2 protein chains.
Amino acid sequence: MLRLTKKADYGLMALKYLAEQAFVAEHAGPNATGARSAKDIAEAYHIPPQLLAKILQTLARAGLLVSHAGTNGGYALARSAANISAFEVIRAIDGPLFITSCITIHGTCDLAGHCTIKEPLRKVNDSITDLLAGIKIADLIEPTDHLPAAMAGGLVSIER
Amino acid sequence: MLRLTKKADYGLMALKYLAEQAFVAEHAGPNATGARSAKDIAEAYHIPPQLLAKILQTLARAGLLVSHAGTNGGYALARSAANISAFEVIRAIDGPLFITSCITIHGTCDLAGHCTIKEPLRKVNDSITDLLAGIKIADLIEPTDHLPAAMAGGLVSIER
DNA sequence: CCATGTACGACCATTTCAGTCTTGCTTCCG
DNA sequence: CGGAAGCAAGACTGAAATGGTCGTACATGG
Ligand code: SF4
Ligand code: SF4
């Protein structure tokens, strides 16, 4: 059920890494960008560099990252870490796929008409979306004992 | 992202159908069982009968349905419709798969050690689980304008 | 004993995922 | 200027999951 692709997984990791870099850069000096090359990130987490590169490209195209080519180039967050949600990352990488086949592209599932379960499921889907949207990558940077904000406060409406 | 398999989809539909049957049976007479054959359900929703049969068998094995072979046999809910959660159905059909590769079987993902994103993701996973667990099949039987209980009340803690 | 129905497993086609390779373009730096 | 470092983009491949079929065996009511 509900599987997150490894690519999205990698994407999240990379984002987190860049967020950390941005954080230290901010405290290091005014002209530090926090940019890192795809290779650097890949090495840090032991994931295939080429694959990560492609993921980062996708993320950049989606506007979540800014890229800079050439020597000493690399990627950096386009926005503040607290301003990028896990949902955006996932959607950028895996596409606007949702739990059922019918929700995104109207007409995919041939049982559209006589499906009685579609509407309720759409609500569930929305709930999950909201949940994910409420989680920012800044939330997953803390040192594990301090709960992420979205989770610490603890309540998320699933009404939509 | 987060895709629900079609089998689970079918399973949910069948469950809902059975729930409806149980409801009318209850109001029809004391000895009405509400049992329906796999073929009946498949025809009602235009889904491949053989496939549905297999799904129902799985569900029965998981204890969500009771089956009765022979003429006039079929499947019926093992419990009350308000007492079966969507989560159980999905898990019974798709297995205990979860969003990341690491959560269920400890040791699947080879990056286990240096993965910094694992714990936060586990929390997200739990949140989704809770959300799903809070949705009973009775909730998706209502005539669409009345929101399911789990959604109407509207608040679910994602702290775990 | 036979029609109806479940039970179970093997099988197959198609799609998706994960990962690699190749080729080209951009920018910095000496 | 000219390379090295780096991004950009696409084609391609192997492996796995999905969705679905078939065949056979067993149970049960009439
Ligand atoms: S229309 Fe119904 S059966 Fe088809 S994908 Fe949507 S929920 Fe599933
Ligand atoms: S250990 Fe990290 S990379 Fe591996 S599956 Fe879990 S979250 Fe993803």
Side-chain angles (χ1 to χ4, degrees), chain A residues 1-11 13-14 18 33 35-43 45-63 65-76 78 90 93-97 99-101 108-111, chain B residues 1-11 13-14 18 33 35-43 45-62 65-76 78 90 93-101 104-105 108-111:
Chain A
M1 65 173 280
L2 297 177
R3 192 149 105 263
L4 199 55
T5 69
K6 224 155 194 178
K7 287 186 191 177
D9 207 352
Y10 292 161
M13 288 199 279
L18 288 179
T33 81
R36 286 301 166 116
S37 79
K39 206 185 65 169
D40 285 351
I41 307 178
E43 274 170 9
Y45 291 107
H46 302 96
I47 60 188
Q50 312 231 43
L51 183 52
L52 206 244
K54 239 182 14 183
I55 295 172
L56 292 177
Q57 285 166 27
T58 314
L59 253 16
R61 225 175 303 139
L65 293 178
V66 287
S67 64
H68 190 77
T71 332
N72 269 60
Y75 296 90
I90 296 172
I93 296 176
D94 285 348
L97 271 246
I99 56 173
T100 52
S101 322
T108 299
C109 182
D110 37 338
L111 331 158
Chain B
M1 66 174 278
L2 297 177
R3 191 147 108 265
L4 199 57
T5 68
K6 224 157 193 175
K7 287 186 191 177
D9 206 352
Y10 291 160
M13 288 198 281
L18 256 354
T33 82
R36 285 303 166 114
S37 80
K39 206 184 66 169
D40 284 352
I41 307 178
E43 273 170 11
Y45 291 108
H46 302 95
I47 60 189
Q50 314 231 43
L51 183 53
L52 206 242
K54 237 181 16 182
I55 295 172
L56 292 177
Q57 286 165 27
T58 313
L59 254 17
R61 225 174 303 141
L65 292 179
V66 288
S67 64
H68 190 77
T71 334
N72 269 58
Y75 296 90
I90 296 171
I93 295 176
D94 285 347
L97 273 245
F98 278 90
I99 57 174
T100 53
S101 321
T104 30
I105 305 106
T108 300
C109 183
D110 36 340
L111 331 159

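Keep in mind that what you see is a predicted model, and the values were worked out from it rather than measured. Convention: sequence-line order gives letters A, B, ...; per-chain numbering from 1.
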Value rounded to 0.5 Å, distance of OG1 in Thr5(B) from CZ in Arg3(A): 10.5 Å
Heavy-atom pair of closest approach, residues Ala14(A) and Leu56(A): CB-CD2, 3.9 Å
Closest to side chain of Pro48(A), choosing from dG20(D), dT20(C), dC17(C): dT20(C)
Lys7(B) NZ to dG20(D) P, straight-line distance once rounded to whole Å: 9 Å
Nearest-Å distance for atom pair CD1/P, residues Ile93(A) and dG19(C): 13 Å
Rounded distance in Å - OH (Tyr10(A)) to P (dC17(C)): 14 Å
Between CG on residue Leu2(A) and OG1 on residue Thr100(B), distance to nearest 0.5 Å: 11.5 Å
Contact summary for Ala42(A) and Pro48(A), nearest pair of heavy atoms: CB-C, 4.5 Å
Smallest separation among heavy atoms of Val66(B) and Ala78(B), with atom names: CG1-CB, 4.0 Å
Atom pair distance, as rounded to whole Å: CG in Leu51(A) and C1' in dA9(D): 14 Å
Test side-chain contact (heavy atoms from CB on, under 4.5 Å) applied to Ile47(A) and Met13(A), step by step: CA-CA 10 Å; Ile47(A) 60 188; Met13(A) 288 199 279; 4.2 Å; yes
Between P of dG19(D) and NE2 of His46(B), the distance in whole Å: 20 Å
Protein-nucleic acid N or O pairs under 3.5 Å, nucleotides 4-8 of chain C:
unit_1: dT6(C); atom_1: OP1; unit_2: Ala38(B); atom_2: N; d: 2.8
unit_1: dA7(C); atom_1: OP1; unit_2: Ser67(B); atom_2: OG; d: 2.7
unit_1: dA7(C); atom_1: OP2; unit_2: Tyr75(B); atom_2: OH; d: 2.7
unit_1: dA7(C); atom_1: N7; unit_2: Gln57(B); atom_2: NE2; d: 3.3
unit_1: dC8(C); atom_1: OP2; unit_2: Arg61(B); atom_2: NE; d: 3.3

Interatomic distance, Lys6(B) NZ vs dT15(C) C1' [rounded to whole Å]: 12 Å
Euclidean distance, atom CD1 of residue Ile55(A) to atom C1' of dG19(C) [Å, nearest integer]: 10 Å
Value in whole Å for how far the P atom of dT15(C) lies from CZ of Arg3(A): 18 Å
